[in-house]
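Since we're looking at a predicted model, the values are computed, not measured. As a basis for the values below, the full set of heavy atoms in this structure was taken, side chains included, without hydrogen atoms, waters or symmetry mates.
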Amino acid sequence: MKAAFFALFTLAASALASPLLADKRQLETQADEIDKLTELVKVHTANINKTTAAVQDNPSVAQQNEAAAALAPDLQAITNALTSATTSLLTKRAVVVARGGGCDKDCLTVKVQLLVWEIACTLKFIIVKLGLDCVLVYLLPLLLSLVGLVKALEVVVVGLLIVVKGLLTTVLGAVAGALLALIF
Ligand SMILES: *[C@@H]1O[C@H](CO)[C@@H](O)[C@H](O)[C@H]1NC(C)=O
């Protein structure tokens, strides 16, 4: 597991190394992007919940690994969705159409919190049921891609990363403290 931590830590360093510039007028576009992302994530967290709920209590190591393999496609799909949303936010320099009732910083913060909450609660459910070891290899890239997204948004919503860190610590601190320590 130590080797896995190190390999993934290298991945962490590269994932967090891309700063960007964004424009405040992009808030609206980013809000749409986060809404779409959250919808997509919920499709996968629904699958994850179903798969996790079907695992019997106190699973054997073999059952843990079997469940982890079954969860992998949805966990990886969330990671990919977070990564491509980040890329899209970073590369978007499109003209932003002004709309009434736009999403300001507080509104964007709430949207991100809902996304993070959905992911964190689902991960907690997995970890409580299966333990951390069998899913670590999927959860670290997922959380790193989540932090990468938040860092991309931090440019327009200063302080967002602190908010997200607090939220993740609240939900996952007790069950995945070591994992969070790798990320923050
Ligand atoms: C999955 O389960 C978690 C933990 O109970 C919950 O917070 C989350 O909303 C659920 N997601 C879906 C889409 O049902």
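- Judged by distance alone, with hydrogens and angles left aside, the side-chain atoms of S88 form no donor-acceptor pair with the main-chain N or O of S84 at under 3.5 Å.
- Across H44 and A77, no two heavy atoms sit closer than the pair CE1-CB, 3.3 Å.
- Under a hydrophobic-cluster definition in which Ile, Leu, Val, Met, Phe, Trp and Tyr are linked whenever side-chain heavy atoms come within less than 4.5 Å, directly or via other members, L143 and L167 are assigned to the same cluster.
- The cluster map of Ile, Leu, Val, Met, Phe, Trp and Tyr, joined by side-chain heavy atoms under 4.5 Å apart, puts V175 and L180 in the same cluster.
- With sequence neighbours left out, the side chain to side chain donor-acceptor pair (under 3.5 Å) criterion links T45 to E118.
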Inset, instruction - Apply the test side chain to side chain contact (heavy atoms under 4.5 Å, CB included) to residues L153 and I34: give CA-CA distance (whole Å), side-chain angles for both, the deciding distance (0.1 Å), then the verdict. - result: CA-CA 10 Å; L153 292 168; I34 301 301; 3.7 Å; yes
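- I183 has its side chain out of reach of L146: every pair of non-hydrogen atoms, C-beta onward, lies at least 4.5 Å apart.
- Inter-residue side-chain proximity for E39 and D35 is flagged as unmet; no heavy-atom pair is nearer than 4.5 Å.
- In terms of heavy atoms, G131 sits closest to V135 at O-CG2, 3.6 Å.
- Put simply, CG on L71 and OG1 on T52 are 4.5 Å apart, with the number rounded to the nearest 0.5 Å.
- A single hydrophobic cluster is seen to contain both L149 and W117, as judged by linkage of ILVMFWY side chains at heavy-atom distances under 4.5 Å, directly or through other members.
- Following chains of ILVMFWY side-chain contacts shorter than 4.5 Å, one cannot reach V43 starting from I48, and the two form parts of different hydrophobic clusters.
- Distance CD/E66 to OG1/T51: 11.5 Å, rounded to 0.5 Å.
- Taking all atoms of both residues into account, the shortest heavy-atom contact from A120 to L168 is CB-CD2, 3.9 Å.
- Looking at heavy atoms from C-beta onward, T38 lies out of side-chain contact with K111 at the 4.5 angstrom threshold.
- In terms of heavy-atom proximity, L82 sits nearest to L142 at CD1-O, 3.7 Å.
- The closest side-chain heavy-atom distance from L172 to L179 is not below 4.5 Å.
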Inset, instruction - Any chance you could lay out the side chain to side chain contact (heavy atoms under 4.5 Å, CB included) test for I78 and T122, step after step, and finish with the verdict? - result: CA-CA 12 Å; I78 293 174; T122 303; over 6 Å; no
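- Summarising the geometry of A69 relative to P73, their closest heavy-atom pair is O-CD, 3.4 Å, with the distance given to 0.1 Å.
- Rounded to the nearest 0.5 Å, atoms CG (L123) and OH (Y138) are 14.0 Å apart.
- Under the 4.5 Å side-chain criterion, counting only non-hydrogen atoms from C-beta, V112 is not in contact with V163.
- For N47, the side chain to side chain donor-acceptor pair (under 3.5 Å) partners are D74, not counting sequence neighbours.
- Across every non-hydrogen atom of G148 and T86, the tightest pair is O-CG2, 3.8 Å.
- Applying the side chain to side chain donor-acceptor pair (under 3.5 Å) criterion to K129, with sequence neighbours excluded, gives no partner residue.
- Of the possible donor and acceptor atoms, one in the side chain of E154 sits under 3.5 Å from a partner among the backbone N and O of G159.
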Legend entry - From CA spacing to verdict: side chain to side chain contact (heavy atoms under 4.5 Å, CB included), L161, F184: CA-CA 10 Å; L161 189 61; F184 293 108; 4.1 Å; yes
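- Linking Ile, Leu, Val, Met, Phe, Trp and Tyr residues whenever their side-chain heavy atoms come within less than 4.5 Å places I127 and V137 in a single cluster.
- Going from atom CG of D106 over to atom CD of Q113 covers 9.5 Å, rounded to the nearest 0.5 Å.
- Looking at L75 and I126, their side chains come closer than 4.5 Å, going by heavy atoms from C-beta outward.
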